[in-house]
Amino acid sequence: FLVYYTYTHMYVEANLKRSLVLQVKLWLTFNEPWVVCWVGYGVGAHAPGKKDRPGEDPYKCAHNVIKSHAKAWHTYDRKYRSAQNGNLVC
């Protein structure tokens, strides 16, 4: 699994450096994070369909969405922003 992950990561990084980074100016990390967290974990109408703890799970989901967006933003800022001069939004 680790070898596959490393190979995939290297492949993605190489392709981003060559083609997409210079063409795409606006990156979106999550489409409708409210829907993902509230409708998926609070109401249970969308995947993963959980509604057991509507007072807890949507907040955990939102926490993880924010953390992963921040990680993506910092990676983009550190590696690609200077060459691309684009923006990353959630």
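V39 belongs to a hydrophobic cluster with W34, V35, W38, V43, counting contacts under 4.5 Å between side-chain heavy atoms of Ile, Leu, Val, Met, Phe, Trp and Tyr, direct or through other members.
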| field | Verdict with reasoning, R81 to W73, per side chain to side chain contact (heavy atoms under 4.5 Å, CB included) | value | CA-CA 10 Å; R81 188 180 306 274; W73 188 91; 3.2 Å; yes

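In this structure, CD on E32 lies 12.0 Å from SG on C37, to the nearest 0.5 angstrom. H74 contributes atom NE2, which lies 14.5 Å from atom NZ of K79 (distance to the nearest 0.5 angstrom).
Within the 4.5 Å cutoff, no side-chain heavy atoms of D57 are placed close to those of C61. Under the 4.5 Å side-chain criterion, counting only non-hydrogen atoms from C-beta, Y41 is not in contact with P54.
Here the shortest heavy-atom pairing between N31 and V36 reads O-CG2, 3.9 Å. Closest approach of H69 to F30, counting heavy atoms only: N-CE1, 4.1 Å. For the pair R53 and P58, the tightest heavy-atom approach, listed with the atom from each and the gap, is O-CD, 3.6 Å.
E56 pairs by the side-chain hydrogen bond (donor to acceptor under 3.5 Å, both in side chains) definition with K60, not counting sequence neighbours.
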